[in-house]
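Numbers here simply count residues along the sequence, with the first being 1. Reckoned from all heavy atoms, side chains included, excluding hydrogens, waters and symmetry mates.
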Amino acid sequence: MSIIASIVISIMVFILWPISEVIVKSFFPEGIFSLELYREIFTGGRRLFYNSIFVSTVSTACTIVFAVCISLYSNFSAKKMRNIIMAVLMLTMISPPFVSSLAYITLFGKRGIITYRLLGLTINPYGWHGIVLMQVFGNISLASLVIMGMMSGIDRSLIEASLDLGESAAKTIRRVVIPLSKPGIVASSFITFVKCLADFGTPIIIGGNFKVLATEAYISLIGRGDLPRAAAISVMILIPSLVVFFTYRYNMRDSKLFSATGLKSPRMLDVDFDMGIGLRSVLALFTWTFLIFMTLQYLSIFLSAISDYKSGQLIFTMEYIKSVKFSKMPSFFRSIRYAFAAGIATSVIGLLLSYYVERRNVKGSRVIDFIATLPYIMPGPLFGIGYILAFNDYPLALTGTGLIVVINCVYRQIPISTKAASAVLGNVGSDIEDAARDLGSSNMRILADIIMPLLKPAFLVSFVNTFTATMTTVGAIIFLITPSAKVATVELFNVIRDGDYGLAAVLASMIIIATIIINIIFSRIIIREG
């Protein structure tokens, strides 16, 4: 069986089948066809629909502005500064569920350490502005990495030519750098929008009375046990996501900007590009605002793990660390195993799928790419419920096993892998591939010796994203695990639900440290080989 045939079958089984089960459940709530659920949602849920579009659009716009500024500042800074920014971006992709929102409340809430105790301000952290802020800072890292990868592949001779012709630095960026980075910007916009649209955790904790579709779907499922209504709401979420998806595909089709060889020459890595004090200051402001904000967030998590605020004083204590019982450690190591397996599998499948879609143009590839994108559009809990409905009986009785958790995480994160690979392929010419084929190389040899090495940046982004997402996700897998096989994030969720925030900070710190170590080791291996 060929590679593409195997990928197509797996996508049909592990993506289309579960999603179909959810859709069927929404139209046949009691086994009989009915549109009553959709009629109810259209009548009373228009505000939820508007809120979802509004928050996702604002969050995406702000995220891309920050990501472009950070990417420009990094790519045209000294190597040491580039390395620092890259390291911080990689590390700040790690955000355990719910804890980042709690850190935001701790720092900037009505009694926040910064807003109230330092500045004497009383600010309400809840509402749409809080959701936007958390979603923006939660998505900047990945968006920046994708755009930075695209910018690093731009031939610097084009920039030098623009400067030699008398263009200013600002016009060169606007007319040369930004247009050549369009595939990365479009891919980042799509990824960010669908993530924000399907996010239910942040609105639940930070949203207050501001409700969105994903939150209502989660509450319908968890709070009321109304699976059919939750399924119908999730189908509603697909509507704006599909619009954005087709917009993304249209823009990527018109952004086939290839380099001459697909390889970087030494001069591409070093060019004297003086942006001027004004422009550099603006880019630096955006960059350091993000870096400082994320640093404060992570410091608050670590500080909460070893301290307690009582009677107006900060008291350091080891109580929370000691309270981490040995019974929680198997869940922690289980998470690492699941995340590593999911990271490798997602990266390989995603890069192969992107190659066959973008370069080989196999029959039906656009349909397969579209189906592969659906898990990222749907709310996590609904994708988890889809797996329960699809795999609880013959012929694939996977419910209750560790394999179903890994498979769910793999196909949940494939869109990131394919979009990252597409962005890189959009700046890699086909000349080398054509030359190898003319010299008699087989398709497998070309794939192994040319395409995969060129896609190492996308492989790295994909692995880091999938490993981090699997280590920190709770939305889908919370419905798939058994009480005797919990993962670290579910333990964390239970602790937060019980109100033990100090212990939650310890568990979050363990997740962060473990994810950082694995990501650094893996990144250094990939970079060294590249």
Side-chain angles (χ1 to χ4, degrees), residues 59 62-97 99-101 103-104 107-108 114 133-152 181 184-185 188 191-192 195 269 275 280-303 305 343 416 420 457-469 471-472 505 508-528 530:
S59 297
C62 295
T63 298
I64 297 304
V65 169
F66 268 91
V68 170
C69 291
I70 293 172
S71 300
L72 289 170
Y73 186 76
S74 173
N75 277 283
F76 296 112
S77 294
K79 182 178 180 180
K80 184 176 181 180
M81 178 59 67
R82 283 201 306 268
N83 292 337
I84 292 175
I85 295 175
M86 176 66 76
V88 173
L89 289 172
M90 298 291 285
L91 299 183
T92 52
M93 288 179 65
I94 306 165
S95 182
V99 175
S100 58
S101 297
Y104 165 70
L107 293 172
F108 304 103
I114 294 179
L133 183 62
M134 294 308 299
Q135 288 182 342
V136 167
F137 282 94
N139 288 296
I140 286 176
S141 297
L142 179 59
S144 298
L145 288 171
V146 174
I147 297 174
M148 285 171 61
M150 178 60 63
M151 287 186 179
S152 65
S181 303
I185 295 174
S188 298
I191 293 170
T192 302
K195 285 184 67 176
L269 303 177
M275 293 186 291
R280 178 170 290 276
S281 298
V282 172
L283 299 179
L285 177 63
F286 279 91
T287 302
W288 286 104
T289 297
F290 169 73
L291 298 182
I292 292 173
F293 184 93
M294 296 305 293
T295 300
L296 290 175
Q297 175 178 292
Y298 280 78
L299 285 177
S300 69
I301 294 175
F302 294 133
L303 185 62
I416 290 290
F459 186 93
L460 176 59
V461 171
S462 174
F463 176 86
V464 170
N465 172 76
T466 304
F467 184 89
T468 302
M471 284 292 294
T472 60
S509 300
M510 293 172 58
I511 295 173
I512 292 172
I513 293 172
T515 308
I516 288 174
I517 292 175
I518 298 297
N519 283 343
I520 289 178
I521 293 175
F522 189 85
S523 301
R524 290 180 67 86
I525 293 175
I526 293 295
I527 292 174
R528 186 183 299 115

Once rounded to the nearest 0.5 Å, what's the spacing between atom [atom1] of [X] and atom [atom2] of [Y]?
X: F286; Y: L72; atom1: CZ; atom2: CG; value: 11.5 Å
X: F467; Y: S462; atom1: CZ; atom2: OG; value: 13.0 Å
X: S71; Y: M150; atom1: OG; atom2: CE; value: 11.0 Å
X: Y73; Y: M81; atom1: OH; atom2: CE; value: 4.5 Å
X: T63; Y: L142; atom1: OG1; atom2: CG; value: 10.5 Å
X: I147; Y: L145; atom1: CD1; atom2: CG; value: 10.0 Å

Next item on the list: Taking all heavy atoms of M471 and all of I511, pick out the closest pair and write down the distance.
Entry: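 So the minimum-distance heavy-atom pair works out to O-CG2, 3.8 Å.
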Notebook entry, point to check: Which atoms form the tightest heavy-atom contact between V136 and C62, and what is the distance?
Noted result: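 Shortest heavy-atom contact: CG2-CB, 3.6 Å.
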Checklist line | I513: which of T515, I516, I517 passes side chain to side chain contact (heavy atoms under 4.5 Å, CB included) | finding: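 Of the listed residues T515, I516, I517, the side chain to side chain contact (heavy atoms under 4.5 Å, CB included) partner of I513 is I517.
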Flag the pair [X] / [Y] as yes when at least one side-chain heavy-atom distance between them is below 4.5 Å, and no otherwise.
X: F290; Y: L89; result: yes
X: F302; Y: I512; result: yes
X: K195; Y: N139; result: yes
X: S77; Y: R280; result: yes
X: S188; Y: I64; result: yes

Item checked: Contacts of A305 that satisfy side-chain contact (heavy atoms from CB on, under 4.5 Å) - sequence neighbours left out ->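 A505, V506, S509.
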Notebook entry, point to check: How would you list, by chain and number, every residue that makes a side-chain contact (heavy atoms from CB on, under 4.5 Å) with S74, sequence neighbours excluded?
Noted result: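 side-chain contact (heavy atoms from CB on, under 4.5 Å) check on S74 returns R82, I85, M148.
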Margin query: Checking F76 against L283 for the side-chain contact (heavy atoms from CB on, under 4.5 Å) test, could you report, in this order, the C-alpha distance in whole Å, the side-chain angles of both residues, the deciding distance, and whether it holds?
Written below: CA-CA 11 Å; F76 296 112; L283 299 179; over 6 Å; no
Note to self: Listing request: all side-chain hydrogen bond (donor to acceptor under 3.5 Å, both in side chains) pairs with a residue in residues 287-296, at least two apart in sequence or in separate chains.
What the structure shows: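 Applying side-chain hydrogen bond (donor to acceptor under 3.5 Å, both in side chains) to every pair that reaches into residues 287-296, excluding sequence neighbours, yields nothing.
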Notebook entry, point to check: Taking the inter-plane angle between the rings of F66 and F137 on a 0 to 90° scale, is it parallel (under 30°), tilted (30 to 60°) or perpendicular (over 60°)?
Noted result: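 Geometry flag for F137 against F66: tilted rings.
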